[in-house]
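Below is one structure, written out as structure tokens; the observations come after it.
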Amino acid sequence: DAGVTQSPTHLIKTRGQHVTLRCSPISGHKSVSWYQQVLGQGPQFIFQYYEKEERGRGNFPDRFSARQFPNYSSELNVNALLLGDSALYLCASSLAGTSVYEQYFGPGTRLTVT
Amino acid sequence: DAKTTQPTSMDCAEGRAANLPCNHSTISGNEYVYWYRQIHSQGPQYIIHGLKNNETNEMASLIITEDRKSSTLILPHATLRDTAVYYCIAEETSGSRLTFGEGTQLTVNP
């Protein structure tokens, strides 16, 4: 079975631009979470979606938004990019919306903002 | 969510047991202890979780003290491929997020 897939793998953007990152969960998983990992730190929670509804939001500005589609795939959008948005963006899927179910992480999208 | 404290780094010889400690002195009764690891340039990988009983799976064992204020992840026979950052997380079962700290960098040496 395919694991969590993310696209693109790498991306370079300029300050002020907009970016869309994509995630496909494991088949049968209905929950998708997004995390930001800055170099040298642990992943930080951004959003969780379960059954296409937002279930949780981390401490990130409104420039960050996400959505989940009927097939449970998800997009993370970041507007007005800042240099500090450079990070590895991780997507995780799980069977349901609570953390008692283990989360399976994708390989991430490496975003560089110049 | 309870804060967890882990050593910054640890070394282990290949083939020996790796014992990774974690303190979670403020853990509440409905918070599980989760362990994830992250091999360089990959996404985190789930290892094991538990509430108050010791747990074992094909990857590792989790020992939780009776007062639940600390736990130890045990990799019984560490290999070079176990070199990674190991994260200990305390999280409510009804929670929707994982709160990662900085973890422990485990280096397995030949």
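Below, chains carry the letters A, B, ... as their sequence lines are ordered, and counting in each starts from 1.
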Item to check | Heavy-atom side-chain contact between Gln41(A) and Phe100(B) under 4.5 Å | outcome: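 No - every pair of side-chain heavy atoms lies 4.5 Å or more apart.
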Checklist entry - Do Tyr35(A) and Pro44(B) have side chains that get closer than 4.5 Å, going by heavy atoms? => result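 The answer is no, as the side chains (C-beta and beyond) never meet within the 4.5 Å cut-off.
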For the [atom1] atom on [X], are there more than 12 heavy atoms of other groups (residues, nucleotides or ligands in this structure) within a distance under 6.0 Å?
| X | atom1 | value |
| --- | --- | --- |
| Asp62(A) | CG | no |
| Lys52(A) | NZ | yes |
| Arg15(A) | CZ | no |
| Ile12(A) | CD1 | no |
| Glu102(B) | CD | no |

Checklist entry - Any donor and acceptor pair, going by atom type alone, linking the side chain of Arg97(B) with main-chain N or O of Ile46(A) inside 3.5 Å? => result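 Pair absent, no side-chain N/O of Arg97(B) close to backbone of Ile46(A).
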Let me check something: do [X] and [Y] share a hydrophobic cluster, defined by ILVMFWY side-chain heavy atoms less than 4.5 Å apart, either directly or through other members?
| X | Y | result |
| --- | --- | --- |
| Val33(B) | Ile74(B) | no |
| Ile63(B) | Leu73(B) | no |
| Leu75(B) | Ile64(B) | yes |
| Leu111(A) | Val38(A) | no |
| Val32(A) | Leu95(A) | no |

Atom of [X], atom of [Y] and distance for their closest heavy-atom approach:
| X | Y | answer |
| --- | --- | --- |
| Tyr46(B) | Gln103(A) | CB-O, 4.1 Å |
| Leu98(B) | Phe45(A) | O-CB, 4.3 Å |
| Tyr87(B) | Gly42(A) | OH-CA, 3.6 Å |
| Gly43(B) | Leu90(A) | CA-CD2, 3.8 Å |

Checklist entry - In terms of heavy-atom proximity below 4.5 Å to chain B, should Pro43(A) be classed as side chain, backbone, both, or neither? => result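 The answer is both parts of Pro43(A).
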Next on the checklist: With a 4.5 angstrom heavy-atom cut-off, is it the side chain or the backbone of Gln37(A) that approaches chain B, or both, or neither?
Outcome noted: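 Only the side chain of Gln37(A) comes within 4.5 Å of chain B.
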Item to check | Proximal to chain B - members of residues 68-86 of chain A, heavy-atom separation under 4.5 Å | outcome: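 Listed by number: none.
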